[in-house]
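Reviewing the structure listed below.
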There are 2 protein chains.
Amino acid sequence: MSITTNDIAKICQVSRTTVLRALNNQGRISEETKERILKTAKELGYRPDLLARGLVKGRTMYIGVVVFDVKNQYFAQMLSAIETEAQKQGYSVNITLHDKNKTKEIELIRKLADYHMDGLILSPVNEGEEFAHFLKNLGIPLVIIGNKVSDTLPFVGIQEKEAAKEAVEKIIKTGYEEVIFVCPPLGGIDEGNIFTHRERLAGFCDVIAANTKISSQILSNYDYIEEAKKIVKDSGKKTAFFCSGDIFALEIMKELKKIGMKTPRDYGIMGFDDIEFLNYITPRLSTIYNSVEEVSRTAVKLLIRQMQGESVSMNYFENYHIIDGETL
Amino acid sequence: MSITTNDIAKICQVSRTTVLRALNNQGRISEETKERILKTAKELGYRPDLLARGLVKGRTMYIGVVVFDVKNQYFAQMLSAIETEAQKQGYSVNITLHDKNKTKEIELIRKLADYHMDGLILSPVNEGEEFAHFLKNLGIPLVIIGNKVSDTLPFVGIQEKEAAKEAVEKIIKTGYEEVIFVCPPLGGIDEGNIFTHRERLAGFCDVIAANTKISSQILSNYDYIEEAKKIVKDSGKKTAFFCSGDIFALEIMKELKKIGMKTPRDYGIMGFDDIEFLNYITPRLSTIYNSVEEVSRTAVKLLIRQMQGESVSMNYFENYHIIDGETL
DNA sequence: TTGAAAGCGCTAACAA
DNA sequence: TTGTTAGCGCTTTCAA
């Protein structure tokens with residue numbers, strides 16, 4: 001149904017090769033035939049078949065992206081930045097989602113590879129060496145963003161642990177006597193890659209270990225909100241929550257507000273990520289800006305360098321910084 | 001570099017057709033050769049080339065999706081639902097973004113068509129008959145979601161106008177003497193398709209026309225927040241804002257809070273969309289639930305019916321309902 | 001300046 | 001049960 005170079009060739013009484021030369025504007029060709037061909041091509045609404053081109057060229061000018069959740073604004077910002085940067089560099093982006101399903105994630109990655117994506121950007125829930133091996137076996141350039149899989153795969157992110165340390169130190173310096181690390185299970189079918197959260201916890205623990213007078217606790221259950229309530233009500237100390245993700249902080253603030261507890265009057269709280277939505281929340285949540293846009297842009301650039309055959313390092317870190325809000 | 005049916009055929013000493021029969025498990029083939037072929041295929045890590053398959057089959061089992069913004073949670077929820085439903089039906093989804101750039105939008109749609117997406121789901125910023133004509137000319141099934149383009153293209157959404165009417169009526173019934181419709185320019189390179197907002201405005205106007213004692217005003221400038229402040233401070237009346245989108249409502253609430261004005265004490269306010277993020281905002285915003293998930297699922301089903309050759313109607317409306325929050 | 005031919009990897013109709 | 005052949009629409013090399 002759709003028009004091909006063959007059709008044009010027949011109509012213009014020339015060979016397909018000639019048609020191609022006109023269309024792609026390469027090779028020697030007389031102005032006259034070229035004009036004629038281009039005119040009919042336009043009239044007929046010719047469009048090149050990108051599947052065919054991809055098949056023969058071996059590349060598609062497409063970057064595949066796999067993330068698990070787009071309702072989380074962190075990923076929304078990431079996708080938006082990736083798309084913009086990729087388009088700037090002449091690539092299209094194919095985004096796919098899997099809602100934290102590990103098996104589906106692998107299927108999606110495979111399918112993108114089978115479709116000859118020129119490169120992949122992944123923020124995976126799978127982890128471990130087997131998965132890393134699977135990725136390397138795909139034989140196509142890729143970049144991991146956020147959830148590190150292995151030291152042998154190019155990764156872009158921030159120094160999560162350092163950032164967490166700085167945050168906890170700040171909390172302590174502000175005068176809090178007790179710091180609670182909050183990171184509930186992340187939902188989804190299986191637990192998933194929680195590299196970032198592990199790193200943040202490690203940073204937290206480091207600082208706590210170095211400050212023996214500070215009490216601490218780790219909330220990692222689904223009912224972290226109930227526990228948070230108890231802590232604020234019962235603990236006689238000045239308490240602050242350090243949440244591994246802004247959303248958890250917002251949940252706590254919302255629920256504590258219901259029982260009349262306000263931050264920073266009754267407790268301190270800090271998030272992580274600085275998602276755009278925080279702008280609509282009062283009081284302004286203190287958090288850590290994680291440069292998701294920069295990270296995304298770097299990932300695209302790094303991927304393209306690989307696609308051009310360059311060899312690249314395995315770790316790229318963007319800057320982060322603490323956002324002084326009103327909740328400490 | 002990657003392994004093809006040809007390679008397997010050579011190794012197994014059979015024809016490519018036989019290999020295919022084994023792989024696709026169709027046609028008569030001896031158990032023994034089949035086993036042999038499948039074994040080597042597995043050993044070599046054979047994967048079918050989807051570009052080649054798509055080229056010859058004329059279909060790719062892919063649905064292309066084009067939206068302009070994923071940071072807006074309305075679209076995030078939409079994409080998530082589309083992806084889930086499509087996967088359930090055996091299709092993959094290719095999501096692309098363009099940040100409200102009309103030209104880019106057309107390019108993206110074209111490219112997806114050139115890549116033989118089996119169908120498209122669009123929520124376009126372009127509008128008008130020329131655009132509708134362009135879409136129909138693509139010759140591939142498609143569904144418009146949210147921003148209606150033309151009565152001649154299948155559309156899924158809600159009855160925006162009716163919903164707006166109901167909302168404004170509710171506001172009036174609650175006792176407000178002045179109702180302000182809020183819909184600032186939507187940003188982006190050009191104005192874009194604002195079908196939904198136009199419809200909502202129409203509903204607003206209808207109700208206002210029928211209630212002559214109610215004062216009204218329309219805020220449609222970038223500085224709607226400043227104007228909103230003035231109105232609440234100066235107007236002696238009981239005033240409510242009806243915002244064509246939750247985000248505008250949140251902006252107003254945030255800024256008015258800064259000058260000590262609170263809802264519902266000092267003014268009433270209502271949003272539109274019921275984005276998930278509202279759960280983190282207090283007081284709970286009154287708004288309209290627009291069934292974005294149902295709309296998305298219907299869009300996918302409708303698209304697939306078209307891809308299977310069925311003819312479909314042009315308008316599908318899902319239910320909406322008013323969410324009674326604490327801001328009226 | 002133009003054309004012929006081979007091939008990308010797969011499917012599908014027809015033969016043997 | 002297996003193989004042969006043609007073809008999807010394009011690119012690319014070589015020849016005219």
Side-chain angles (χ1 to χ4, degrees), chain A residues 1-38 40-41 44-62 110-118 139-140, chain B residues 1-38 40-41 44-62 110-118 139-140:
Chain A
M1 58 189 79
S2 96
I3 182 94
T4 75
T5 47
N6 240 325
D7 302 327
I8 299 179
K10 262 178 219 153
I11 293 170
C12 292
Q13 313 259 46
V14 292
S15 75
R16 264 160 65 213
T17 323
T18 309
V19 173
L20 257 300
R21 277 201 263 269
L23 257 23
N24 297 348
N25 198 23
Q26 54 175 232
R28 273 171 292 276
I29 180 171
S30 76
E31 265 309 310
E32 185 226 352
T33 35
K34 184 168 145 187
E35 296 263 299
R36 189 157 45 98
I37 291 169
L38 288 179
T40 47
L44 297 174
Y46 169 78
R47 306 240 80 225
D49 183 315
L50 262 23
L51 289 184
R53 179 179 286 173
L55 179 60
V56 53
K57 284 250 218 190
R59 51 195 206 115
T60 53
M61 300 303 283
Y62 251 100
R110 242 195 206 120
K111 196 151 184 185
L112 288 175
D114 294 347
Y115 254 105
H116 290 238
M117 295 289 117
D118 292 344
I140 87 179
Chain B
M1 61 185 77
S2 97
I3 184 93
T4 75
T5 48
N6 240 325
D7 303 328
I8 300 179
K10 261 177 219 154
I11 292 170
C12 293
Q13 312 258 46
V14 292
S15 76
R16 264 159 68 211
T17 321
T18 310
V19 172
L20 255 302
R21 278 201 263 268
L23 257 22
N24 297 348
N25 199 25
Q26 55 174 234
R28 275 171 291 276
I29 180 171
S30 78
E31 265 309 310
E32 184 226 353
T33 34
K34 184 169 147 186
E35 296 262 301
R36 191 157 46 96
I37 290 169
L38 288 181
T40 47
L44 297 175
Y46 169 78
R47 310 238 77 225
D49 183 316
L50 262 25
L51 288 184
R53 179 179 287 172
L55 180 59
V56 53
K57 284 249 215 189
R59 52 194 206 117
T60 52
M61 300 302 283
Y62 251 99
R110 241 193 207 121
K111 198 153 185 183
L112 288 175
D114 294 346
Y115 254 105
H116 289 238
M117 296 288 115
D118 291 344
I140 86 180

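So that the names make sense, note that chain A is the first sequence line, chain B the second, and so on, each numbered from 1.
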Q | Distance, rounded to the nearest Å, where A:Asp7 contributes CG and D:dC8 contributes P | A | 10 Å
**Q.** Earlier contact from the 5' end, DNA chain D, for A:Asn6 and B:Lys34
**A.** B:Lys34
Q) Can you find a side chain N or O atom of B:Thr33 that sits less than 4.0 Å from OP1 or OP2 on D:dT2? A) yes
Q) In chain order, what residues pass the side chain to side chain contact (heavy atoms under 4.5 Å, CB included) check against B:Thr4, with sequence neighbours excluded? A) B:Asn6, B:Asp7
Q. What is the distance from CG of B:Leu55 to C1' of C:dG7, rounded to the nearest Å?
A. 13 Å
Q. What residues, two or more places apart in sequence or in another chain, satisfy salt bridge (charged side-chain N to carboxylate O under 4.0 Å, His left out) together with A:Asp114?
A. B:Arg47
**Q.** Qualifying residues under side-chain hydrogen bond (donor to acceptor under 3.5 Å, both in side chains), relative to B:Thr33, sequence neighbours excluded
**A.** B:Ser30
Q | Separation of atom CZ in A:Arg59 from atom P in C:dC8, rounded to whole Å | A | 18 Å
Q. D:dT1 P sits how many Å from B:Ile37 CD1, rounded?
A. 13 Å
Q) Roughly how many Å is it from CG in A:Asp49 to C1' in C:dG9, rounded to a whole number? A) 14 Å
Q. Could you give the CZ-to-P distance, from B:Arg36 to D:dT1, as a whole number of Å?
A. 15 Å
Q | Base versus backbone protein contacts along nucleotides 11-16 of chain C [heavy-atom cut-off under 4.0 Å; B, S, -] | A | BBB---
Q) Rounded to whole angstrom units, what separation is found between the CG atom of B:Leu51 and the P atom of D:dT11? A) 14 Å
Q. Partners of A:Lys34 by side chain to side chain contact (heavy atoms under 4.5 Å, CB included), sequence neighbours excluded?
A. A:Ala22, A:Asn25, A:Ile29, A:Glu31, A:Leu38
Q.
Is the distance between the ring centroids of A:Tyr115 and B:Tyr62 under 6.0 Å?
A. yes
Q | Atom-to-atom span, NE2 of A:His116 to P of C:dC8 - whole angstrom | A | 12 Å
Q.
Strictly below 4.0 Å: does A:Thr18 bring a side-chain N or O up to OP1 or OP2 of C:dG3?
A. yes
Q.
Looking at A:Thr5 and A:Val19, would you say the former's side chain and the latter's main chain have a donor-acceptor pair under 3.5 Å?
A. no
Q. Sequence neighbours excluded, which residues qualify as side-chain hydrogen bond (donor to acceptor under 3.5 Å, both in side chains) partners of B:Thr18?
A. B:Ser15
Q: Report yes if a side-chain nitrogen or oxygen of B:Thr4 is closer than 4.0 Å to either non-bridging phosphate oxygen (OP1 or OP2) of C:dG9; otherwise report no.
A: no
